[in-house]
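No experiment lies behind these values; they were computed from the predicted model shown. Just so it is clear: chains get the letters A, B, ... in the order the sequence lines come, proteins before strands, and each one is counted from 1.
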Amino acid sequence: MSLKIYNTLTRKKEDFETLEPGRVRMYVCGPTVYANAHVGHAMSALVFDILRRYLEYRGYEVRHVMNFTDVDDKIIARANQSGEDPFQLAERYIQQYERNLADLNVLPATVNPRATREIEHIQKIIQELIAKGYAYPTADGDVYFRVRKDEDYGKLSRRSFDDVRGGTRVEVDEAKEDPLDFALWKSAKPGEPSWDSPWGKGRPGWHIECSAMSLHHLGEQIDIHGGGNDLIFPHHENEIAQSESLTGKPFVRYWVHNGMLQLGGEKMSKSLGNLVTIDDFLKDHEANVLRLMVLNSGYRSPLTFNDEVVEQTERALERLRSGLRPCLPGAGGAAEAAVQTLQQQAERTREDFIAAMDDDFNTAGALAALFELVRAINQTRDSGATDDQLRPAQDLLLELSGVLGLQLEQQDKGSAQADPFINLLVSVRSELRRQKLWAISDQIRDRLAELGVVIEDSREGSTWRWE
RNA sequence: GGCGACGUGGCCAAGUGGUAAGGCAAGGGUCUGCAAAACCCUGAUCACGGGUUCAAAUCCCGUCGUCGCCUCCA
């Protein structure tokens, strides 16, 4: 079995072969930091975190680069509005984004380059592109990429020159040779952040920074380049144009794009203003819920986000966790045959899990395998299995859910110091139940429930857990 | 207007040629003082219309609908 990845460039699933055996060079487009990150950003981060974790599970060493765009029009506009220094503003949102990712249990990238720290590299590339005739400066101090010179421009988004031009709604800058040309370097207006350059004071265009950082941190050719599918055109198309015109080599082997998170049937985006920030979401829900939502559907498809789905996902998470519960009170051991059946299911689960993930990261299929394992564990527990008998299957559940980045083990919601007292209460209540004092037993159960402690009774005794 | 994606049971959602995974909800049952949990059982022919094929949710054409991109966007 080999891993297959859907490549946006070819619109097909392809066998995954890296440039260098055992190593993956992956670049993922990060956010422009001018506002709070929303759950749509989280989706993208989670998708590529899951990709990365699985690649590592499969034995690859992954060099993962995610950039921050920390200088651009919107940052400047925002800073001007509030009177804050644009660099300070960007720094603030970068720190917040990094905190968000940590809260979401997203592994830190190997490198987080920032546009403002790569100016030299960017300028060098622009100069080379000019020297090769792929770019030209204007009298105003801007530099544009000469799109017409790149014969296969449009191959990623499958657009012809005419398609692009036909739909162009941008005001045509008279200084451009062609309306299709895009900026590599933007001259600075008074008061804007700027750097000296051969073309005068200015700052880099959006697309060139990714080409430059990818080249700088990963080399001329990389294995995976990722981002939201809203970046396919023009951003990634332009990156290809810049990078391949510069090096003459294929830039990226596999273009991977995630679908958009949908809120009320629309893409969640800063410009539409219909966003739920990551901070808002995490106030009411644990990070695993969002991750499980992402896992439950294909990463390339739109993801439905609404209260109903969030609630369904919370229950599904509970169900996964039910597989980790200890044996029943008074468990006398399951029959050998039952334990063997569980063992067989565990083996099948691992196979199914890998087969699903190998098929273009079919996380929904992988999850199905996990749910089947949960059912098998619960069946075996019901048949009287001891903790020792359940443990191997439970360990597998933890291992595989961990590959997906899920944290099933409950961090103690209550304080561990309370445990002895709860144990005492529960055992006293058990005595009350033996005396058939139902009213007071139920009262204890209800009151503890209000405090987040769930008591479950059975013939053999009672168990409790934090909700 | 151009380019692209999608439309699977009440909801979310896998599956892309051989008679439909999984989760949530619902109904029935086991267990149980009650409750909860767990377990068992029950349900879809895959937007619509044509076509290709021994065989299609899965390929082709058309219609309708939804969404994305074409402007900043994960």
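- For A/Phe182, the ring pair (Phe, Tyr, Trp, His ring centres under 6.0 Å) partners at least two apart in sequence or on another chain are A/Phe145, A/His207.
- Residues from residues 102-112 of chain A placing a heavy atom under 4.0 Å of any atom in RNA chain B do not occur.
- Taking atom C1' in both B/C12 and B/G1, one finds a spacing of 35 Å when rounded to whole Å.
- No hydrogens or angles were tested; on distance alone, a donor-acceptor pair under 3.5 Å links the side chain of A/Arg433 to the base of B/G33.
- In this structure, A/Asn7 contributes its side chain and A/Trp255 its backbone to a donor-acceptor pair below 3.5 Å.
- In this structure, the nucleotide among B/A74, B/A14, B/C11 sitting nearest to the side chain of A/Gln312 is B/C11.
- Counting non-hydrogen atoms under 4.0 angstrom, A/Asp72 reaches nothing in the nucleic acid.
- Nucleotides B/U19 and B/A55 are separated by 9 Å at their C1' atoms, to the nearest Å.
- Taking atom P in both B/U8 and B/A57, one finds a spacing of 15 Å when rounded to whole Å.
- Cation-pi check for A/Arg159 over A/Phe233 is met; the charged atom lies under 6.0 angstrom from the ring centroid and within 45 degrees of its normal.
- The residues A/Asp181 and A/Arg148 are annotated as not salt-bridged, no charged nitrogen and carboxylate oxygen being separated by less than 4.0 angstrom.
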Could you list, one pair per line, each protein nitrogen or oxygen that sits under 3.5 Å from a nitrogen or oxygen of nucleotides 16-22 of chain B, together with the distance?
unit_1 : atom_1 : unit_2   : atom_2 : d
B/G22  : N2     : A/Asn296 : OD1    : 3.2

